[in-house]
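For reference, the structure discussed in these notes is given below.
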Amino acid sequence: MERYNFKTVEEKWQNFWQKNKSFKTGLDKKKKKFYCLEMFPYPSGKIHMGHVRNYTIGDVLARFKTLQNYNVLHPMGWDSFGMPAENAAKENNLDPKDWTEKNISVMKTQLKKLGLSIDWDREISTCSPDYYKHQQIFFLELYNKGLIYKKENYVNWDPVEQTVLANEQVIDGKGWRSGETVERKKLSQWFFKISEFSDELLNGLDQLDKWPNKVKVMQKNWIGKSFGCEIDFKIKANTSVDKIKCFTTRPDTLFGFSFLALSVDHPISKFYEKDKEYQKFKQQCSKTGTTEESIAQAEKIGFKTDLIAINPFDEKSEVPVYFANFVLMDYGFGAVFGCPGHDQRDFEFAKKYNLPIKTVVKPKDFKGEFKVKDEAYVGDGIIINSSFLDKLSTPNDAISKAIEEIEKRKAGKKKINFRLKDWGISRQRYWGCPIPIAYDDNGDYITVPINQLPIKLPENINLKTKGNPLNHQEEWRKIKIDGKIYKLETDTLDTFVDSSWYYLRFCSPNNKSYGYDFDEIKYWMPVNQYIGGVEHAILHLLYSRFFMLALKHKNEKFVSKEPFDGLFTQGMVCHETYKDKNNNWLYPDEVFSDDGKNYFKINDKRERVIVGPSESMSKSKKNVIDPEKIIRSYGADAVRLFILSDSPPEKDIQWSEQGMVASYKFINKFWLLHKKIIKKIKMNNGSIDTYDLDVFTNKLIKKISTNLEKFNYNVIVANIYETYNFLIKEIEKDYKSVLLKENYLKILTLMMPIIPHIISEAIKDLDYNKKLAWPIANDKYLQEKYVNIVVQINGKKKSLIKIEKNLPDIEVINKIKEDEKISNILSDKNLLKHIIVKNRLVNFIVK
RNA sequence: GCCCUCGUGGUGAAAUUGGUAGACACAAAGGACUUAAAAUCCUUGCCCUUUUGGGAGUGCCAGUUCGAGUCUGGCCGAGGGCACCA
């Protein structure tokens with residue numbers, strides 16, 4: 001029998017799908033829709049295994065929903081602005097545009113070879129003026145809504161990328177892409193007012209019940225809502241300062257107040273700039289790096305001012321004011337009131353500077369006198385030593401009473417504070433979306449009128465200049481607005497802006513006048529299922545949620561709220577790491593083994609390989625497998641089958657050559673089985689009723705359908721193997737041909753989402769030309785005639801008895817007692833009672 | 001330090017949501033076919049017993065229950081996120 005030739009079959013069907021536009025999005029708006037979206041890739045050169053996994057998972061879902069007769073939107077595009085293009089172009093003297101376009105064409109070809117059911121007619125690319133024109137229009141819109149502003153502040157400066165990073169892009173004090181230590185620099189920057197929506201972004205999370213809890217928790221922590229109050233502390237001193245504002249969540253501990261601490265960036269610091277000691281202190285603070293270790297180990301240090309702060313609850317209580325290294329300017333008001341008894345950080349500070357440590361909270365059940373000694377007591381309890389707050393329980397009663405009292409004394413008011421900061425969107429880079437702002441000679445700016453958009457990037461420019469290349473484009477910068485010459489803004493937008501609305505663009509990718517068509521997004525949005533890596537849990541997903549709220553703001557027509565109804569975060573693809581004895585990484589391709597040990601070849605000699613732990617595939621560790629090569633050797637179906645098998649999609653998967661080979665063998669085995677079945681059907685001489693097969697098929701429909709809904713794709717692969725194991729035995733029976741064919745078509749349809757090429761070819765052999773539909777399980781076959789009853793004695797399984805379904809209890813018991821083994825056990829025991837779980841189990845309780 | 005998630009064979013994992021633990025696969029060992037190898041197929045998989053059979057068993061300890069991988073409490077371990085957030 002001829003062997004399955006995946007090459008010709010896969011190519012044939014991929015051509016067929018392309019020619020027939022098989023995955024073109026339907027236009028019938030009366031049909032139920034399903035918007036399936038995977039995070040679009042950055043066109044870095046070639047696809048990697050992470051892409052294969054991500055897009056296979058999405059494709060299975062899209063194909064399943066299509067078979068279920070949904071109108072499916074399954075598009076693909078390119079997140080094509082960004083620094084790698086600029087850097088690569090700089091190195092090779094290319095235009096970033098050419099580099100990007102070349103990569104897109106390579107990756108598109110590769111994705112097609114996976115057999116993805118993508119509507120390529122909707123392809124978009126964020127670096128195309130057709131796309132970023134609309135982004136510039138959105139910029140103007142948000143600007144006019146007051147959601148964009150410019151301010152000068154300290155920024156995270158990446159010295160390698162020569163650009164500003166958002167807080168979220170700084171990981172352990174290092175740039176998220178460059179890995180270089182980030183510097184503090186003062187710059188004038190554009191900001192999105194994301195903090196305006198803090199509460200909505202937080203509350204919206206509650207509606208997202210199809211999101212992983214993990215992601216919601218991360219966003220919740222990031223938004224960081226805390227309840228408390230602001231307090232104006234009166235200042236006694238000879239300077240012009242008369243009060244300092246603080247934010248606190250613990251006004252109930254105000255009687256434990258023993259110092260006030262300020263950030264070195266606090267406005268008051270200007271009175272101390274000339275003080276030599278202060279300068280020294282400030283420098284010391286800046287030296288405390290931003291790395292993980294330095295933060296963890298940083299000693300709490302302070303600089304004592306001549307200011308004295310007064311406790312609003314006790315005018316006689318006066319405490320010193322310090323500058324302290326642990327106070328951040330961009331949270332609260334850059335000032336904290338120190339209560340060493342009940343805050344560990346304040347406690348350490350007080351110990352160092354010998355400040356009083358007063359105990360004002362005592363644990364609820366503590367008997368006798370409670371005193372803070374070796375560490376702060378931060379738990380709940382009863383207020384003590386606090387005048388009118390005494391005996392109140394904290395947090396609840398004491399905090400509200402304290403706030404009430406503060407408001408009565410006009411010393412402050414109730415306040416909610418968020419950790420979420422505004423999103424800095426300026427980047428000093430060429431390869432990004434230009435910001436539609438122009439400056440006059442005085443440095444005052446205006447927005448560029450809509451009819452002059454898009455502002456296109458200049459082409460063929462010199463990138464090897466220092467800093468932002470656009471700064472050197474004098475001609476390009478000139479723009480005439482209302483007859484007057486202005487100079488364009490040279491900052492470009494953070495690429496996270498590009499990906500914050502692309503899901504809207506996919507709904508109407510060719511709409512010329514505006515970024516989206518209202519009717520289209522009304523039908524398609526929200527995305528029903530969004531699939532991507534968990535590394536975007538905060539950045540991209542929070543920004544996208546913000547963007548929807550910003551578009552909706554003051555726009556009654558825009559009804560959608562959350563962009564992504566369902567979110568699925570897939571795990572990473574891992575591989576063992578290999579090194580030689582000099583600690584140089586080795587590619588898996590270089591490693592071979594013949595006697596159970598691993599070697600690689602060097603100068604015609606073999607040398608032992610040191611095998612390291614399995615880690616997420618990364619170019620730097622060389623533990624990568626090239627998808628294209630794998631597809632070439634085993635075919636797309638086998639790759640899809642393997643990448644879905646073994647591990648659940650949300651968990652990391654180990655790449656294994658053996659596993660890959662097993663999937664490949666299965667594809668071939670399956671084809672041989674298929675040919676046998678076709679032969680049986682063609683012979684058309686069977687006489688056996690298909691009851692057993694019907695039962696199997698209908699159970700399978702139920703299993704695979706529910707497993708698809710629950711993303712249990714690894715179990716579906718197991719279901720497919722089970723199906724093979726079942727059919728290879730069943731095929732010996734001479735089933736009635738028509739019925740066999742009917743069952744077999746259903747079974748093939750169930751496998752279509754996973755291995756579409758071979759299944760398409762197999763269905764062709766059935767001479768079936770109608771539109772495929774997802775089979776529905778017939779309840780008749782799910783109700784079995786016989787059931788296996790587990791017989792337990794005192795909860796332990798003793799026997800398994802096959803009886804008719806739905807027998808009355810008494811008959812079940814009688815049948816079981818006929819069982820020799822059970823009756824033997826029961827004969828010398830005292831039967832106390834029995835528990836019957838219908839059609840499943842009988843438990844005898846004996847003594 | 002705080003928050004979240006997870007602990008099941010040699011390995012990746014299943015388990016109808018409280019009811020047959022280990023489906024499905026990888027690896028291993030033994031066997032069949034073959035001159036041989038590859039490919040393919042079959043068998044085995046903890047302890048005691050020659051078999052029949054019996055027993056233990058889902059990180060550890062307790063609890064709830066007729067019955068716990070699944071529920072509750074405590075402990076141990078692994079992974080991830082946040083990190084001076086006042």
Side-chain angles (χ1 to χ4, degrees), chain A residues 171-172 212-222 224-226 228 231 246-251 253 260-261 263 288 290 292 294-300 324-328 330-339 343-346 348-349 378 417-421 534-535 537-538 641-642 645-648 650-654 656-663 665-666 668-669 672 699 702-703 706-707 712 714-725 728 788-800 821 832-837 839-846:
Chain A
I171 297 152
D172 296 342
N213 201 44
K214 179 172 58 170
V215 174
K216 288 194 280 185
V217 168
M218 280 162 75
Q219 292 209 355
K220 195 179 161 201
N221 292 339
W222 193 264
K225 185 179 190 175
S226 44
I231 304 174
C246 284
F247 171 74
T248 181
T249 54
R250 295 297 304 272
T253 63
L260 197 84
S263 160
T288 324
T290 38
E292 213 174 339
S294 62
I295 286 170
Q297 285 158 17
E299 198 187 353
K300 314 272 172 280
N325 65 338
F326 59 83
V327 185
L328 308 169
D330 50 7
Y331 185 79
F333 301 101
V336 236
F337 100 77
C339 175
D343 182 290
Q344 187 55 28
R345 188 195 48 205
D346 296 348
E348 284 166 38
F349 191 79
V378 295
N417 215 7
F418 291 94
R419 216 186 70 124
L420 182 66
K421 289 170 201 104
V534 74
E535 66 272 20
I538 296 169
L641 190 67
F642 172 67
S645 65
D646 286 351
S647 292
E650 70 274 15
K651 284 179 74 175
D652 288 353
I653 187 172
Q654 300 300 318
S656 104
E657 189 72 25
Q658 274 138 347
M660 184 60 247
V661 170
S663 300
K665 283 181 185 167
F666 176 79
N668 291 315
K669 258 164 51 172
L672 297 180
K699 275 187 172 176
K702 206 176 165 200
K703 272 198 258 185
T706 46
N707 283 330
N712 294 336
N714 56 324
V715 185
I716 296 176
V717 175
N719 294 150
I720 289 176
Y721 281 121
E722 277 170 340
T723 305
Y724 174 87
N725 293 343
I728 199 80
N788 288 320
I789 300 284
V790 179
V791 185
Q792 297 181 334
I793 308 282
N794 290 342
K796 290 200 168 162
K797 181 193 158 195
K798 291 290 167 185
S799 185
L800 199 61
K821 197 176 143 192
L832 297 178
K833 62 167 178 173
H834 54 248
I835 285 123
I836 300 179
V837 181
N839 293 328
R840 185 163 290 177
L841 171 145
V842 175
N843 188 6
F844 293 101
I845 311 303
V846 299

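Only heavy atoms go into these numbers, but all of them, side chains included; no hydrogens, no water, no symmetry mates. Protein chains get the first letters and strands the later ones, always in sequence-line order, with residue 1 at the start of each.
In this structure a side-chain-to-backbone donor-acceptor pair under 3.5 Å is present from A:D343 to A:D346.
Atom CZ in A:R419 sits roughly 11 Å away from atom C1' in B:G81 (whole-Å rounding). Residue A:N213 contributes atom CG, which lies 14 Å from atom C1' of B:G80 at whole-angstrom precision. Between A:E657 atom CD and B:C26 atom P the separation is 14 Å, expressed in whole Å. Rounded to an integer number of Å, the gap from CD1 of A:I793 to C1' of B:U20 is 15 Å. When the C1' atom of B:G80 is taken as reference, atom CE of A:M218 falls 8 Å away, rounded to whole Å. Between the CD1 atom of A:I789 and the P atom of B:U20 there is a distance of 12 Å, rounded to whole Å. To the nearest angstrom, C1' of B:C82 lies 19 Å from NZ of A:K216. We find that NZ of A:K220 is positioned 13 Å from C1' of B:C2, with the value rounded to whole Å.
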| Are A:Q792 and A:I835 close enough, and set up right, to give a side chain to side chain contact (heavy atoms under 4.5 Å, CB included), and what steps lead you there? | CA-CA 9 Å; A:Q792 297 181 334; A:I835 285 123; over 6 Å; no

| Test log, rule side chain to side chain contact (heavy atoms under 4.5 Å, CB included), inputs A:C246 and A:L260 | CA-CA 9 Å; A:C246 284; A:L260 197 84; 3.6 Å; yes

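Comparing B:A86, B:A21, B:A83 by their closest approach to the side chain of A:R345 singles out B:A86. Of the candidate nucleotides B:C82, B:A23, B:C3, B:C82 has the atom nearest to the side chain of A:W222. Distance from the side chain of A:N325 is smallest for B:C84 among the nucleotides B:C84, B:C26, B:A86. The nucleotide whose nearest atom lies closest to any side-chain atom of A:F247 is, among B:A86, B:C24, B:A21, B:A86. Closest approach to the A:L328 side chain among B:A83, B:A25, B:C85 is made by B:C85 (side chain taken as heavy atoms from C-beta onward).
Here, B:U20 and B:C33 have their C1' atoms 37 Å apart, quoted to the whole Å. Comparing B:G12 with B:U50, their P atoms are spaced 35 Å from each other, to the whole Å. Between B:C60 and B:G54, the two C1' atoms lie 27 Å apart (nearest whole Å). Separation of the C1' atoms belonging to B:C2 and B:C84 is 13 Å when rounded to the nearest angstrom. Look at the P atom in both B:C76 and B:G10: the space between them is 25 Å, to the nearest Å. For the C1' atoms, the distance from B:A68 to B:G18 is 7 Å, rounded to whole Å. Rounded to whole Å, the separation between the C1' atoms of B:G9 and B:A83 comes to 40 Å. Of the C1' atoms belonging to B:G69 and B:A56, the separation is 16 Å, rounded to the nearest Å.
Judged as a side chain to side chain donor-acceptor pair (under 3.5 Å), and not counting sequence neighbours, the contacts of A:E657 are A:Y634. Remark: A:Y331 pairs with A:S226 by the side chain to side chain donor-acceptor pair (under 3.5 Å) rule, at least two apart or across chains. For A:F247, there are no ring pair (Phe, Tyr, Trp, His ring centres under 6.0 Å) partners, not counting sequence neighbours. In this structure, the ring pair (Phe, Tyr, Trp, His ring centres under 6.0 Å) partners of A:F349, at least two apart in sequence or on a different chain, are A:F259, A:Y322, A:F326, A:Y353. For A:K651, the side chain to side chain donor-acceptor pair (under 3.5 Å) criterion is met by no residue, not counting sequence neighbours.
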| note | Once base and sugar-phosphate atoms are separated, protein heavy atoms under 4.0 Å mark nucleotides 6-19 of chain B, 5' to 3', with B, S and - as ------BSS-B--B

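Residue A:V327 is in base contact, counting any heavy-atom pair closer than 4.0 Å across all strands shown. Nucleic acid contact for A:Y721: sugar-phosphate only, since backbone atoms but no base atoms lie under 4.0 Å from a heavy atom of the residue. Within 4.0 Å of A:N725, counting heavy atoms only, lie sugar-phosphate atoms of the nucleic acid but no base atom. A:I845 comes within 4.0 angstrom of sugar-phosphate atoms only, judged by non-hydrogen atoms across all strands, and of no base. A:K665 comes within 4.0 angstrom of the backbone, heavy atoms only, and of no base. Using a 4.0 Å heavy-atom distance criterion, A:S656 is classed as making no nucleic acid contact.
Look at A:K798 and you won't find any side-chain N or O under 4.0 angstrom from OP1 or OP2 of B:G54. Close to B:A25, at under 4.0 Å from its OP1 or OP2, lies no side-chain N or O of A:S663.
Toward the 5′ end of RNA chain B lies the nearest nucleotide of A:K214, the other residue of the pair A:Y724 and A:K214 mapping further downstream.
The nucleotide B:G9 finds no pairing partner, because no Watson-Crick or G-U wobble arrangement with both distances shorter than 3.5 Å includes it. The partner of B:U51, taking Watson-Crick or G-U wobble pairs whose two distances both stay under 3.5 Å, does not exist in any strand shown. Pair assignment for B:U64: none, as no Watson-Crick or G-U wobble contacts are both less than 3.5 Å. Judged by Watson-Crick or G-U wobble contacts below 3.5 Å, the nucleotide B:G1 has B:C82 as its partner.
Taking the O4'-C1'-N9-C4 or O4'-C1'-N1-C2 dihedral as appropriate, B:G77 has a value more than 90° from 0 and is therefore anti. Annotated as syn: B:U17, whose glycosidic dihedral is within 90° of 0.
In the model, A:N725 has no side-chain atom that pairs as donor or acceptor with a side-chain atom of A:E722 under 3.5 Å.
Remark: the A:K300 side chain and the B:C84 base include a donor-acceptor N/O pair separated by less than 3.5 Å.
Annotation for A:K214: atom NZ does not count as buried by contact number, only 12 or fewer foreign heavy atoms lying within 6.0 Å.
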